[in-house]
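Each remark here refers to the structure printed beneath this line.
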Amino acid sequence: MSSNAQLTTGPEALEPGQGPPPVLDATGVAKAYTRWRRLSRRKVPVLTGADLALAAGEVVGLVGENGSGKTTLMRILVGDLAADSGTVRLSGTMGYCPQQPIVYPRLTCDEHFELFGAAHGMRPAAQRDATGDLYAQLGFERYSSTRADQLSGGTLAKLNLGLALLPDPDVLLLDEPYAGFDWDTYQKFWGMVAERRTRGRSVLIISHFIADEQRFDRVIKLSDGRTWSS
Ligand SMILES: Nc1ncnc2c1ncn2[C@@H]1O[C@H](COP(=O)(O)OP(=O)(O)O)[C@@H](O)[C@H]1O
Ligand SMILES: [Mg+2]
């Protein structure tokens, strides 16, 4: 994890209080990017004190205009990007589906699942079982031997989501996961999210579809560098 935000994991991250503690808890997250203009540079603030908490079994949406900082915040939550200040606490395991799929062009779907399964420390049999389930649930088994650089945008989006789901993480962070999905896959996606919720797994989804709001337990809006309940 490369974030400057203080990141703690495990039981020591849990605070005493009423009710179950959040599985993911971010407070006061700030981030400014450096912009160069000719020879001078200036800091452009994107996040100025964003707070976000996710409870076990919650499905939360993160909405906001283009450029409002949704991806920046999610990358900080994941530990992929350093915050300037703030605290991020995670309890349990995390999966991340980035907005731009990060895949290896010459590897097949099967090879991606093997690679990611090994990276997560999964036993080969468990990895194969989980991969088979994901192929069936998302409907792309016929591409199991196809290289990533030969996949359509929609199938690449399924692989991207499948890789985040593979280890069945406690907390799943998805950055506009269904942008390339057709309607059938979109429905399957929400079925998978609902099934995770019943098992106490948490999901944070960046979405720009306002029509999705009824599918979430809660929607958080990001604007002016801060998070707002809506
Ligand atoms: N690596 C970067 N360097 C400089 N500016 C960036 C970088 N990443 C994002 N930005 C800028 O930060 C702002 C927020 O971007 P982003 O987090 O991608 O927003 P969103 O996901 O809500 O569309 C935008 O103005 C974007 O241009
Ligand atoms: Mg984004």
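Numbers here are sequence positions counted from 1. When a ligand or atom number is given, it counts from 1 through the structure's own listing order.
The closest side-chain donor-acceptor pair between Gln99 and Thr71 falls under 3.5 angstrom. A donor-acceptor contact closer than 3.5 angstrom links the side chains of Tyr33 and Thr72.
Contact shell of ligand 1 (protein heavy atoms, cutoff 4.0 Å): Tyr33, Arg35, Val46, Glu65, Asn66, Gly67, Ser68, Gly69, Lys70, Thr71, Thr72.
Put simply, Met74 stays out of reach of the Mg ion (ligand 2), with no N, O or S atom under 2.8 Å from it. Put simply, Gln99 gets within reach of the Mg ion (ligand 2), with an N, O or S atom under 2.8 Å from it.
Here Trp190 and Phe216 bring their ring centres to under 6.0 angstrom of each other. Taking the six-membered ring for Trp, Tyr178 and Tyr186 have ring centres closer than 6.0 Å.
Proximity of a side-chain donor or acceptor of Asn160 to a complementary backbone N or O of Gln100 within less than 3.5 Å is not detected. Listed for the Tyr135 side chain is no donor-acceptor partner under 3.5 Å among the backbone atoms of Arg142. Thr93 contributes a side-chain N or O that, together with a main-chain N or O of Asp170, makes up a donor-acceptor pair within less than 3.5 Å.
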